[in-house]
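Notes to accompany the following structure.
In what follows, chains carry the letters A, B, and so on, assigned in the order in which the sequence lines appear, proteins first and then strands, with residues in each chain numbered from 1.
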2 protein chains.
Amino acid sequence: MQYDKAKDQFIQAWGTLGSAWGINKAMGQIHALLLITEEALTTEDIMEELKISRGNANMNLRSLMDWGIVQKVLKPGERKEYFTTGKDILELARQVSRERRRREIEPVMRVLNEVQEVEGNTPQVEHFKKVTGDLSGFTKQVDGALDKFIRSDKNWFFQVLMKLMR
Amino acid sequence: MQYDKAKDQFIQAWGTLGSAWGINKAMGQIHALLLITEEALTTEDIMEELKISRGNANMNLRSLMDWGIVQKVLKPGERKEYFTTGKDILELARQVSRERRRREIEPVMRVLNEVQEVEGNTPQVEHFKKVTGDLSGFTKQVDGALDKFIRSDKNWFFQVLMKLMR
DNA sequence: TTATATTTTCAGAAATTATTGAAAATAAAA
DNA sequence: TTTTATTTTCAATAATTTCTGAAAATATAA
């Protein structure tokens, strides 16, 4: 397979995966492009490669920086800003976990705790408390494991995976 | 907190969480409603509770059945169809994992394998192979662990979580 | 200071996704 | 069979999200 073809397929796939997981397609594509490019790129490079507008590129680069997975690089004596992303996949997974935990798991846990305060002891209410309690318990467990993963080092992760597989 | 308020908050939160993870809001809300309702519900019940149209309810119920997390219940002597969802949260997580694996992880792994076949040995191509190779390796590991989880029983899961936490 | 390069913003347009509602299809009952 | 209940489909519409492009803001150089 030709490099340009492979590159395009990868960028496309990364964008599609993003969409399926609630991430803007362009955001996924920019990330993919930065991943496979060793050097940092300018907004214009990205606009050109992905055929998107300046506004679009700028907005999604900002989002990626908000997620903490893309960094601005300033080159001495250059006026333009360059962008790059870390190439360590495990660190990437860790950062995405960290953000999703903060953005989605935490709010859901807050609601689950709140609604547990429901009044009454009809079967209906009891069932509601049971289900939301179960969800809350499960979420807490996952959250704890995720926290451990986020704080962990490379070795820990692979050791755990090994344990899991046996 | 009043039951109706708690119920509404929970349904709302479940819909929002769904959206953030690439699942249609109404789908999440229907699932939430079925979760907290012990008895099976008809399409009309759902339309009324969530104030959505028949088409919408029908479409999203079908999607939920495609995901394997909602079941049709036929009541003897009744013409209407009823719908319900399993109340076991761990089993729910397992089923969602199973489907996401099939729908998203598998296609991505296929692409990652394909693009590894890229020709050339320029630094650019070498870097591309390195990054997609790393991604592929990471994905395989996660996929394996997920597979184990899907096939596992309740005890296994909690034992693993315990190990993870210590 | 003024000129120039670069980034950011944001209103409007385009594209995508979700929803409605009524007609068509299906299935059970009479 | 016909009638009635119920589900499914789908074209039209609405809502939401994404994208554009040009103007405004910012920053650097002259």
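Straight-line distance from the CD1 atom of A/Ile30 to the P atom of D/dT18: 13 Å, rounded to whole Å. Atom-to-atom, NZ of A/Lys80 to C1' of C/dT8 comes out at 17 Å; the value is rounded to the nearest Å. What separates NZ of B/Lys75 from P of C/dA28 is a distance of 18 Å, to the nearest Å. Taking atom CD on B/Glu78 and atom P on C/dA27, their separation rounds to 19 Å, with Å as the unit. The CZ-P distance, from B/Phe83 to D/dT6, rounds to 13 Å in whole Å. For the pair A/Leu61 CG and C/dT8 P, the interatomic distance rounds to 9 Å; values are reported in whole Å. Atom CD in A/Glu44 sits roughly 10 Å away from atom C1' in C/dA5 (whole-Å rounding). Between B/Leu50 atom CG and C/dT20 atom C1' the separation is 15 Å, expressed in whole Å.
A search for side chain to side chain contact (heavy atoms under 4.5 Å, CB included) contacts involving B/Glu78 returns B/Lys75, B/Tyr82, not counting sequence neighbours. Listed by chain and residue number, A/Val125, A/Phe128, A/Lys129, B/Tyr3, B/Ala6 satisfy the side chain to side chain contact (heavy atoms under 4.5 Å, CB included) test with A/Val118 (two or more places apart in sequence, or in another chain). In this view, A/Glu106 satisfies the side-chain hydrogen bond (donor to acceptor under 3.5 Å, both in side chains) rule with no residue, not counting sequence neighbours. In terms of the side-chain hydrogen bond (donor to acceptor under 3.5 Å, both in side chains) criterion, B/Asn58 has no residue partners (sequence neighbours excluded).
Between A/Asn58 and C/dT8 there is a side-chain N or O to OP1 or OP2 distance below 4.0 Å.
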Would you tabulate the side-chain donor-acceptor contacts of residues 61-73 of chain B under 3.5 Å, counting partners in other chains and residues two or more places apart, or write 'none'?
{"from": "B/Ser63", "atom 1": "OG", "to": "B/Met59", "atom 2": "O", "distance (Å)": "3.4"}
{"from": "B/Lys72", "atom 1": "NZ", "to": "B/Glu81", "atom 2": "OE2", "distance (Å)": "3.2"}

Footprint string (nucleotides 19-30 of chain D, 5' to 3'): B base within contact, S backbone only, - free, heavy atoms under 4.0 Å:
SBB-----BBS-

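A/Glu49 and A/Lys7 are joined by a salt bridge, as a carboxylate oxygen and a charged side-chain nitrogen come within less than 4.0 angstrom of each other.
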